[in-house]
Student: 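The structure follows.
This structure is a prediction, so every number in the text was calculated from the model and none was measured. Convention: sequence-line order gives letters A, B, ...; per-chain numbering from 1.
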Number of protein chains: 2
Amino acid sequence: MTGPKSATLMDVARLARVSTATVSRVVNSSGTVRSVTRSRVLRAIEELDYRPDERARALARGESRTLGMIVSNLKNDFFLDIFQALEGEARRWGYDVVVANTDYHAGRLVSCVRSMVARRVAGLALVVTELEPELAQELGEQPLPVVLYDVGLPAPNVTKIQISDYQSTRRIVEYLYTHGHRRFAFVGHHTGHDPLQARQRAFLEAMRDYGSQVSYKLVADSDSPYGGLRATRQILGSGFRPTAVVCLNDYMALGVLKGLREAGLEVPRDVSVTGFDDVSLAKFANPALTTMAVPRDWIGRSAAAALIPDANGGNLGREIQVDPELLIRESTGPAPTLDDPVGDPVS
Amino acid sequence: MTGPKSATLMDVARLARVSTATVSRVVNSSGTVRSVTRSRVLRAIEELDYRPDERARALARGESRTLGMIVSNLKNDFFLDIFQALEGEARRWGYDVVVANTDYHAGRLVSCVRSMVARRVAGLALVVTELEPELAQELGEQPLPVVLYDVGLPAPNVTKIQISDYQSTRRIVEYLYTHGHRRFAFVGHHTGHDPLQARQRAFLEAMRDYGSQVSYKLVADSDSPYGGLRATRQILGSGFRPTAVVCLNDYMALGVLKGLREAGLEVPRDVSVTGFDDVSLAKFANPALTTMAVPRDWIGRSAAAALIPDANGGNLGREIQVDPELLIRESTGPAPTLDDPVGDPVS
DNA sequence: TTGAAAGCGGTACCAA
DNA sequence: TTGGTACCGCTTTCAA
């Protein structure tokens, strides 16, 4: 229906009147081939528009040159940036990479992993928050180099890249506090799992430490601007009126900004907002987002390096620490005077 | 270094004391296997943690269940959304899909196509603007179902999905014109190729039709908010002061908004801005973007359907037309009174 | 320098 | 209901 099958090594060999071994040699520039033979083969390849079947090659060689990467939410630039960095580095070493997206579904994660294993990827990078202990365990037992970001534990075949969620979040809250803020909200997203919990825990413990000086509210919605928008409506709808909203990440913060605006609140005059990641859109938000800069580029490259033997297989089995940096932009400022209401929150 | 090789069909067969044929049968639930035998095999599979090698399978059965998709710029939600829609539909039919990104490099496009062909994908969707005629030609000759978006020509094995770039852009300009705008700017991006040219051409011809009543300026930069920002600085820096900026897409428009703001201009009071695509971020922009809604979801699903024989291979070789819809939001309004300057443009 | 042939990990047809 | 076996398309000894 779509035309003839593509040409095979055999076809080329026949046309060039040589053995398949010889064709293979010229295709891979391995072994030695007399120059006249070579050009005869080359001509045949050209003639037939021959394209080697990578699957067969990988199978025969017993090794694969593609890496796998699984992320929670490609639409969030955070993940996409890491993917692109990983891909770039991988390509430098002659590797391809295939991505899969889970949308935070633990079930999808399981099937993505299976699919990658079935593809016999040379290495697998997981940048997901929904990794459950059993899967983590299982990965540790696979004959496959793995990189885990922000979740799980290192193992002989797994490198862990860990970001300081807790410290960073405390840093943000502290910054807000020293600028006079006393009424906080934390906007997270629905995932009952580790890393994001660390951010939330940091927020809560900070609140606890400040004691009765502060009040706060915790909400969660999906990881998207919509999620941020709905979360904001929920906060405001409850009657609580924060002067600072700490967001789990920039992507949601974009929606929080929108939610505040629609309620007639001005950022940062009435409310300060912080993000996390320093996604490229963060500085294009209006106002530009104050956030924690996470070195996604470095993370992606390191992940690739850890998975590619020639590159740096050395730090397989290690744990790498990443410390984000606070970037103060326009979305935060001093708290408004407490007893100077700035307009009533709208649903 | 990463442990033993994974178990093979052979291993399972030996352990279960049956032939590989039988193991294959139970793995594929094909043929008939006595229930005791089956459970013996199942046990062996479990025992060995056997995972079939997809590459070998595809090779043996002579067919692949993965689709390929190549896009120009994954960071632009336009492309990502199409990818996700395509992937979703593909999965419904039991297909995987691998994406590749070209960043608008014609060279990268060529190697991406090669890589997909080498992978023996079952079908290939190209959502790129940088497709050059020779490559398009070559694709039409491959024994492979292809979908082309907004570029190239249909062929026996290629379905073309065409969006009305020209009409849509004229529609936008007309809308702006009837709202009193007379000084326009067009912000495009660097690609000397077809589809985007259609948008630009539409803009230019509209200008020509309005004749001396209007003045305009054309600029181009990269497909990103940065690009939009730089383009805006360039316009304003030239001393020209448009009352309406027509952007090639939403992604760049985000940056244009920023650029205008940094120059002290207010949207839409001083300047109106339009995008294209209706990316999800468009409505989260401040102000929300007026734009043309392109049904990315539908496009992605249709592309998948066209590539999957069981789904709808029927419309292979056809040309499908897509007509976006104008969405008026907050970033556009009536032109400011002409001789009422609203602040001097800053570099 | 070249070819024959044994895999790589499966599938599927044909006999048994 | 099973096993034997000839491929799928390519790589890689081993001999010639």
Student: Which whole-number value in Å describes the distance from B:Arg40 CZ to D:dT2 C1'?
Tutor: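 Going from B:Arg40 (CZ) to D:dT2 (C1'), I get 11 Å.
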Student: Considering just the side-chain nitrogens and oxygens of A:Thr37, establish if one lies under 4.0 Å of OP1 or OP2 belonging to C:dT2.
Tutor: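 Yes, A:Thr37 has a side-chain N/O under 4.0 Å of OP1/OP2 on C:dT2.
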Student: Give a yes or no on whether the ring-centroid distance for B:Phe78 and B:Phe83 is below 6.0 angstrom.
Tutor: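 They do not qualify: ring centres at least 6.0 Å apart.
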Student: Between A:Asn101 and B:Gln84, does the side-chain hydrogen bond (donor to acceptor under 3.5 Å, both in side chains) criterion hold? Intermediate values first, please.
Tutor: CA-CA 9 Å; A:Asn101 192 50; B:Gln84 306 222 93; 3.2 Å; yes
Student: Let me have a per-nucleotide readout for nucleotides 4-13 of chain C, 5' to 3', with B, S or -, counting only protein heavy atoms under 4.0 Å.
Tutor: B--BBBBBBB
Student: For residues 66-74 of chain A, which side-chain N or O atoms pair as donor and acceptor with protein atoms under 3.5 Å away, sequence neighbours left out?
Tutor:
{"from": "A:Ser72", "atom 1": "OG", "to": "A:Thr129", "atom 2": "N", "distance (Å)": "3.2"}
{"from": "A:Ser72", "atom 1": "OG", "to": "A:Glu130", "atom 2": "OE1", "distance (Å)": "2.7"}
{"from": "A:Asn73", "atom 1": "OD1", "to": "A:Lys75", "atom 2": "N", "distance (Å)": "3.2"}
{"from": "A:Asn73", "atom 1": "ND2", "to": "A:Asp223", "atom 2": "O", "distance (Å)": "3.1"}
{"from": "A:Asn73", "atom 1": "ND2", "to": "A:Asp223", "atom 2": "OD2", "distance (Å)": "3.0"}

Student: Look at B:Asp53 together with B:Arg57 and state whether they make a salt bridge at an N to O cut-off of under 4.0 Å.
Tutor: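 B:Arg57 and B:Asp53: not salt-bridged.
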Student: For residues 8-15 of chain A, please give each side-chain donor-acceptor pair under 3.5 Å, one per line with the distance, not counting sequence neighbours.
Tutor:
{"from": "A:Thr8", "atom 1": "OG1", "to": "A:Met10", "atom 2": "N", "distance (Å)": "3.2"}
{"from": "A:Thr8", "atom 1": "OG1", "to": "A:Asp11", "atom 2": "N", "distance (Å)": "3.3"}
{"from": "A:Thr8", "atom 1": "OG1", "to": "A:Asp11", "atom 2": "OD2", "distance (Å)": "3.3"}
{"from": "A:Asp11", "atom 1": "OD2", "to": "A:Thr8", "atom 2": "N", "distance (Å)": "2.7"}

